[in-house]
Amino acid sequence: MLKQRILTAIILAILFLAALFTLPAAGWSALVGLVMMQGAWEWSKLAKMSRSFAVAYVGLLLLTFVAVLWMVENLQPQQKNTLQIFIYGVSAVFWMLVVPAWFKGGWKPKNFCLLGVIGWIVLLPTGLAMLDLRAESPQPWWLLGVMGLVWMADISAYFTGRQFGKNKLAPNISPGKTWEGVAGAMLGVMLYMAIVMVVSGMTQRYSLLVFAIIGVVLVALSVMGDLFESAIKRQAGVKDSGTLLPGHGGLLDRIDALTSTLPLAALMLILTRGA
C-alpha cells in the first residue's frame, strides 16, 4: 500500500510540475476547472446527492467558477481586489471560525443542500487561489511554494506519526492522526521555510520570524482541512472520497489540506501587495 501510495505521488508530482511550468494561462485555467469538477463530483457523493442533483451541482459550481473568472478579468483593478478579498475572506472565516466551532459542537448536517453550499465555500476559493497564486511573479513559484509547504507538513506528519505517534489528535474524527504527527509537521515546515528563504535570498527582505508565524498558521489550517474532510467522510460512512488515485483515494483526499491553506495564502498576498 505504501509503495503504491508513493508511486502515485511521484507520478502526480511529475504531471503537476509539467502542467504548472508549461501550460499557458488558458490551459492552466482549464485544468483547474477540471479539478473543481472532479472535486465537486466527489463532494456531491459525500453529501449523498442523487445522480441528477450531483450532475447539476457540478455544472453549477463550474458555471460559478467561470463567472468569477470572467469578472476577475473584466473588472477594474480595485473592484477585482474587492471581489477576491470577499471570496477569500469567506473562506478564511469558514476555516478559522466556523470549522473549529463545528468540531467543538460535533455538528453533523444532513441536508444535502447545506452540504452543497459548504462544498462551494471549500472548492471555489481553492480554484481561484490556484489561478491567482500561479499568476504572481516570479512565474508560478508562489503557488508551488505554498503547495510544497502543505506537502512537507503532510509527509512530516505521516512519518512522524507512524514512528512516534501515541497521543490522538481527534480520535472521533481521524483515529490515525496524532499530536506527535502535528509536531513533526511543524518542524518539517520550519526546516522547509528556512531552506526556501535562504536559497531564494528572501532573508534579506523578510523576517524569518514572520515567515515562521505564517508557517505555523498554514500548518494549523492544513490540519484543519484534513480533519474536516475526514469528518465529512465519516458522516458519509466512507473511507475515501473516491477511487481516482490508487493508494490515495479520491481527489479530495489529496487536496483537502490545500482547500484550507491556498485561499488564505492568496488573501495574505493580495493584502500585502495592496499595503
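The residues of the chain are indexed from 1 along the displayed sequence. Just so it is clear, the values below take in all heavy atoms, side chains as well, and ignore hydrogens, waters and symmetry mates.
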Distance-only criterion, 3.5 Å: show the donor-acceptor pairs between side-chain atoms of residues 73-80 and protein atoms not counting sequence neighbours.
{"unit_1": "N74", "atom_1": "ND2", "unit_2": "W70", "atom_2": "O", "d": "2.6"}
{"unit_1": "Q79", "atom_1": "OE1", "unit_2": "Q76", "atom_2": "N", "d": "3.2"}

Residues 53-65, side-chain donor-acceptor partners within the protein, below 3.5 Å, at least two apart:
{"unit_1": "Y57", "atom_1": "OH", "unit_2": "G116", "atom_2": "O", "d": "2.7"}
{"unit_1": "Y57", "atom_1": "OH", "unit_2": "W120", "atom_2": "N", "d": "3.4"}
{"unit_1": "T64", "atom_1": "OG1", "unit_2": "L60", "atom_2": "O", "d": "2.8"}

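Take D256 and apply the salt bridge (charged side-chain N to carboxylate O under 4.0 Å, His left out) test, not counting sequence neighbours, and it matches no residue. The ring-ring contact (aromatic ring centres under 6.0 Å, His included) check on Y88 picks up nothing, with sequence neighbours excluded. With sequence neighbours excluded, the residues satisfying side-chain hydrogen bond (donor to acceptor under 3.5 Å, both in side chains) with S52 are S50. Listed by chain and residue number, nothing satisfies the ring-ring contact (aromatic ring centres under 6.0 Å, His included) test with W179 (two or more places apart in sequence, or in another chain). Listed by chain and residue number, nothing satisfies the side-chain hydrogen bond (donor to acceptor under 3.5 Å, both in side chains) test with E229 (two or more places apart in sequence, or in another chain).
Sorted by first and then second residue, the ring pair (Phe, Tyr, Trp, His ring centres under 6.0 Å) pairs with a member in residues 5-47 read F16-W151, F21-W141; sequence neighbours excluded. Identified under the salt bridge (charged side-chain N to carboxylate O under 4.0 Å, His left out) test for residues 166-195, with sequence neighbours left out: K177-D226. For the salt bridge (charged side-chain N to carboxylate O under 4.0 Å, His left out) condition, the pairs that include at least one residue of residues 144-157, sequence neighbours left out, are D154-R254. Judged as a side chain to side chain donor-acceptor pair (under 3.5 Å), not a single pair has a partner in residues 187-199 (not counting sequence neighbours).
Residue M190 places its CE atom among more than 12 non-hydrogen atoms of other residues, nucleotides or ligands, all under 6.0 Å distant.
The cluster map of Ile, Leu, Val, Met, Phe, Trp and Tyr, joined by side-chain heavy atoms under 4.5 Å apart, puts Y158 and F164 in different clusters. V150 and L187 are members of different hydrophobic clusters when ILVMFWY side chains are connected at heavy-atom separations under 4.5 Å.
Proximity of L23 to R134: side-chain heavy atoms (C-beta onward) are separated by under 4.5 Å at one or more points.
Through direct or indirect side-chain contacts shorter than 4.5 Å among Ile, Leu, Val, Met, Phe, Trp and Tyr, L97 is connected to V93.
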